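Worksheet: one structure, shown below.
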Amino acid sequence: MSAKVNDDLLTERRKCEFNVEELTNYLDGGAQATQNRRKLEDKVLSTKGLFDEVPEEYLSHKEKYENAVRKAVVYYKAMKEAEDPNQTEQERANATYRSLLHAAVFKDNSPFSLHLAMFIPAILGQADEEQKKYWMKRASKMEIIGTYAQTELGHGTFIRGLETTATYDPKTEEFVLHSPTLTAYKWWPGSLAHTANYCVVMAHLYINGKSCGIQPFIVQFRDEETHQPLPGIKLGEIGAKLGFNTVNNGFLGFDQHRIPRNRMLMKNAQVLKDGTFKRSPNSKLTYGTMVYVRVVIVNGMANQLARAVTIAVRYSAVRRQSELKPDAGEPQILDYVTQQHKLFIGIASSHAFTLTAKWLTRMYQKVTADLEKGNLDELPELHAIACCLKAVTTTDTSVLVERSRTSCGGHGYMLSSNLPQIYGLVTAACTYEGENTVLMLQTARSLVKALEQAQSGKRLSPTMSYLSEKVSSRLKWDNSIDGIVKGFRRVAYGKVESAMRSMRKYVRSGLGPEDAWNMSSVQLVAASEYTSISEADIRQLQDTYEDLLGKIRPNAVGLVDAFDFRDQILNSTLGAYDGRVYERLMEEALKSPLNAEPVNQSFHKYLKPFMQGKL
Ligand SMILES: CCCCCCCC/C=C\CCCCCCCCCCCCCC(=O)SCCNC(=O)CCNC(=O)[C@H](O)C(C)(C)COP(=O)(O)OP(=O)(O)OC[C@H]1O[C@@H](n2cnc3c(N)ncnc32)[C@H](O)[C@@H]1OP(=O)(O)O
Ligand SMILES: Cc1cc2nc3c(=O)[nH]c(=O)nc-3n(C[C@H](O)[C@H](O)[C@H](O)COP(=O)(O)OP(=O)(O)OC[C@H]3O[C@@H](n4cnc5c(N)ncnc54)[C@H](O)[C@@H]3O)c2cc1C
């Protein structure tokens with residue numbers, strides 16, 4: 001018999017003014033997609049051995065990793081077996097696009113993450129046809145497990161500064177990989193420490209003493225039978241982190257490690273047997289995997305934010321606290337407008353990020369198809385947009401997930417709420433795949449170029465067209481959606497123009513272009529990430545906003561129910577569908593090993609002698 005649903009949640013669900021299932025279907029891309037997703041989740045989550053007897057919070061660092069590898073094997077097999085052979089690739093992608101299935105199994109991510117997130121995409125994007133055929137067969141069947149090793153102890157952002165060298169030896173037709181310094185050690189790659197046995201290494205290619213830029217190499221670093229590190233390879237784990245503690249991030253050093261010539265991934269640039277280097281049509285095509293992951297991260301943020309606000313909104317409907325009016329009893333904290341302000345922006349942002357992710361994915365697919373035909377025209381714009389959206393969505397999601405956590409008071413600070421772990425997952429994305437400030441400056445670089453083109457009368461791409469709108473500075477906008485968008489475009493234009501004016505002022509004062517750029521970089525980041533509007537309209541918008549909060553209030557629980565996260569995926573004492581928060585908090589607390597005995601051995605060993613003055 002299922003547990004009784006909390007009365008307040010029942011009331012909330014009765015109050016909802018729209019059809020929740022319809023919104024779920026819309027988010028999934030149709031009723032069939034919802035059905036497919038639920039069927040996949042039912043199948044996979046019914047697999048034995050997927051869940052933890054002891055909450056992983058109570059395991060050691062080493063036990064957490066070993067337990068995660070155990071689950072990763074079970075999970076991956078279950079996902080493979082659950083695949084419906086009658087489904088198209090697109091239907092399969094839709095079924096997983098919104099699903100956070102892995103989150104039901106891994107609170108802190110899987111040791112296989114990088115194999116799926118970057119190793120396979122790097123092969124698909126950087127290998128020539130023959131290489132792709134061979135390596136994809138092995139990688140997709142998990143005969144090998146890979147990662148993406150680009151960042152080094154001394155360099156993450158500045159890829160051109162990477163120190164790992166790959167020196168071509170025409171006599172043996174091999175590359176010699178070497179880490180000349182400690183700072184050249186690859187440092188951070190997920191799965192690298194003890195899980196993977198192959199990686200795509202980004203290294204500085206030298207032929208006959210001449211630099212040929214950063215190139216991708218597929219490198220085996222552990223024996224496939226014994227899993228022992230190969231000769232000339234130094235390996236280890238980088239240590240405990242804020243989150244991602246079951247991703248097995250590691251370090252790797254090369255000592256004159258030789259690999260055959262065909263291990264350089266040669267889709268874009270090639271090295272012939274005699275050492276002839278055939279340059280890529282664009283050196284930045286080597287960075288293509290990062291563009292792909294930045295695009296995927298936007299959708300990942302939408303789903304993680306939806307998960308966090310689901311937990312916080314349901315909890316806020318159940319939690320009663322304080323007194324809003326004398327003698328009226330304790331209200332649901334969701335009735336405090338401050339609580340609505342904290343949470344409803346998160347619901348709206350998740351939907352906004354989902355729609356943005358769909359748009360960006362379509363743009364990525366179009367540009368990638370053009371690249372296959374040798375048309376690189378739109379690659380710079382895709383890079384600029386992907387940088388901006390990855391940075392903005394990860395920053396906003398981190399802020400909104402943390403706000404969801406703090407809106408739940410002390411219980412939001414419990415690991416059993418799962419909000420701290422979700423924060424750990426999303427805040428990492430502000431750093432990985434391009435640190436956000438650096439990416440915003442990449443976007444700013446494109447915006448400044450576009451404004452210069454607009455001022456010289458050139459046509460701009462659709463996403464930059466606001467920089468060529470001759471809008472009067474006295475533009476009045478009303479509070480219609482169109483008016484607000486016009487306002488934002490006007491202010492965004494002003495931010496770019498102001499940053500550019502600032503740079504020109506510094507150059508006129510005698511600074512070089514690089515120093516002028518650096519001095520204006522705070523404005524440049526602002527031009528890329530946010531806009532603000534003038535005082536007069538704030539008051540009007542504020543009234544509209546507060547009115548909107550009231551309209552959303554009766555539908556808040558319905559809106560998060562529509563994300564359709566099952567309890568195993570929320571993995572939270574505060575966010576379960578039935579709202580039995582207090583019972584779940586106690587159930588989880590009793591799982592603490594410390595509760596196995598009423599008096600802990602430290603009393604007899606330390607406390608008692610201490611309190612009796614004997615220590
Ligand atoms: C499937 C993915 C899953 C993601 C998970 C999403 C959800 C997460 C939420 C919860 C967890 C869920 C669990 C799911 C699995 C989790 C998996 C975790 C994945 C973690 C992966 C992390 C891996 C990494 O971090 S890999 C390393 C990433 N490193 C970087 O990004 C480095 C950043 N630096 C750079 O990109 C560059 O160096 C630079 C651009 C900053 C500067 O480079 P540069 O100096 O050489 O260039 P310039 O500034 O001089 O510019 C020159 C010129 O080049 C153009 N340019 C630069 N880059 C590109 C590019 N990529 N493409 C095209 N063009 C580029 C630039 O525009 C300039 O052009 P100009 O014409 O102006 O000269
Ligand atoms: C959880 C996690 C997982 C990761 N997984 C992987 C992986 O699997 N594979 C991999 O290769 N890497 C991985 N990374 C590494 C990640 O890609 C780097 O940390 C990231 O690229 C930032 O580089 P960095 O750490 O060297 O920081 P730095 O580049 O040293 O940045 C430090 C500070 O300097 C500032 N800064 C740097 N350059 C500029 C500039 N030009 N202008 C203005 N400010 C600047 C930055 O804004 C930042 O504030 C991972 C990182 C994390 C946190």
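Every number for a ligand or one of its atoms is a count from 1 in the order of the listing. All values reported here derive from a predicted model rather than from experimental measurement. Computed over heavy atoms, backbone and side chain alike; hydrogens, waters and symmetry mates excluded.
Below 3.5 Å of separation, one finds no N or O of His102 facing any N or O of ligand 1. Looking at ligand 2, you won't find any N or O of Trp187 less than 3.5 Å from one of its N or O atoms. For ligand 1, one of its N or O atoms has an N or O atom of Lys284 under 3.5 Å away. Checked against a 3.5 angstrom limit, the closest N/O atoms of Tyr432 and ligand 2 fall outside it. Taking only nitrogen or oxygen atoms, main chain and side chain alike, Thr151 does not reach within less than 3.5 Å of ligand 1. Residue-to-ligand polar distances place Gly190 within reach of ligand 2: an N/O pair is separated by less than 3.5 Å. Backbone and side-chain nitrogen or oxygen atoms of Tyr148 are examined, and none is located within less than 3.5 angstrom of a nitrogen or oxygen of ligand 1. On a distance-only criterion, Thr147 and ligand 2 share no N/O pair closer than 3.5 Å.
Within the 4.0 angstrom cut-off, atom 11 (O) of ligand 2 has one or more protein heavy-atom neighbours. Counting protein heavy atoms under 4.0 angstrom from atom 23 (O) of ligand 2 gives one or more. For atom 46 (C) of ligand 2, the nearest protein heavy atom is under 4.0 Å away. In this structure, atom 42 (N) of ligand 2 is in close contact with the protein, since a protein heavy atom lies within 4.0 Å of it.
Counting only heavy atoms from C-beta outward, the side chains of Ile120 and His115 approach each other to under 4.5 Å. In this structure, Leu305 and Phe353 have side chains that are in contact, with non-hydrogen atoms separated by less than 4.5 Å.
Looking at Met301, Lys390, His155, His383 and measuring to atom 56 (N) of ligand 1, the nearest heavy atom belongs to His383. Among Ile159, Thr289, Thr157, Thr427, the residue whose heavy atom lies nearest to atom 31 (O) of ligand 2 is Thr157. The closest non-hydrogen atom to atom 7 (C) of ligand 2, taken over Ser521, Pro189, Gly154, Ala428, comes from Pro189. Taking only non-hydrogen atoms, the option from Arg160, Arg307, Gln442 nearest to atom 40 (C) of ligand 1 is Gln442. Among Asn249, Leu162, Leu439, Leu425, the residue whose heavy atom lies closest to atom 3 (C) of ligand 2 is Asn249.
Only the side chain of Val438 comes within 4.0 Å of ligand 1, counting heavy atoms alone; its backbone N, CA, C and O stay farther away. Neither the backbone nor the side chain of Leu382 has any atom closer than 4.0 Å to an atom of ligand 1 (non-hydrogen atoms only). Residue Arg294 touches ligand 1 through its side chain alone, judged by heavy-atom distances below 4.0 Å. Counting heavy atoms under 4.0 Å from ligand 2, residue Val247 does not touch it at all.
Of all protein heavy atoms, the one closest to atom 32 (C) of ligand 1 is Gly156 O, 3.4 Å. The protein heavy-atom contact nearest to atom 21 (C) of ligand 1 is Glu433 OE1, 3.6 Å.
For ligand 2 and Gly156, the ligand atoms under 4.0 Å from any heavy atom of the residue are 21 (O), 23 (O), 24 (P), 26 (O).
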